[in-house]
Amino acid sequence: MENLDKTIRLLIAAIIFFVFGFVCQSWWWLVGLWPLLTAVYGCPFYKFIRRKNV
């Protein structure tokens with residue numbers, strides 16, 4: 001399940017980068033950094049939620 005989640009976040013980041021970076025040519029491509037960084041390094045919110053539920 002974790003690999004599926006990371007793959008989905010990477011796909012979302014790629015779509016945001018393409019649409020806002022190349023098609024629209026605006027600074028909104030920076031929004032794609034959040035799903036990219038959380039897919040690569042892990043999401044800090046997931047760690048907090050896991051620790052609280054355990």
Side-chain angles (χ1 to χ4, degrees):
M1 183 70 172
E2 185 176 327
N3 288 334
L4 177 64
D5 184 41
K6 286 183 180 184
T7 304
I8 291 171
R9 284 185 276 160
L10 283 171
L11 287 174
I12 290 171
I15 290 169
I16 291 172
F17 282 157
F18 178 75
V19 170
F20 291 112
F22 296 111
V23 176
C24 297
Q25 295 181 354
S26 71
W27 60 271
W28 278 97
W29 64 270
L30 290 171
V31 175
L33 286 178
W34 180 257
L36 177 67
L37 293 175
T38 58
V40 173
Y41 295 112
C43 183
F45 297 121
Y46 287 163
K47 294 175 186 174
F48 176 73
I49 291 170
R50 272 192 226 150
R51 195 176 309 149
K52 190 169 183 135
N53 287 337
V54 172

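Listed by chain and residue number, V19 satisfy the side-chain contact (heavy atoms from CB on, under 4.5 Å) test with I15 (two or more places apart in sequence, or in another chain). Evaluation of the side-chain contact (heavy atoms from CB on, under 4.5 Å) rule for F20 yields I16, C24, S26, W28, W29 as partners, not counting sequence neighbours. For the side-chain contact (heavy atoms from CB on, under 4.5 Å) test, residues two or more places apart in sequence or in another chain that qualify with L11 are T7.
Shown here for I12 and P35, the closest heavy-atom pair between the two residues is CG2-CG, 4.3 Å.
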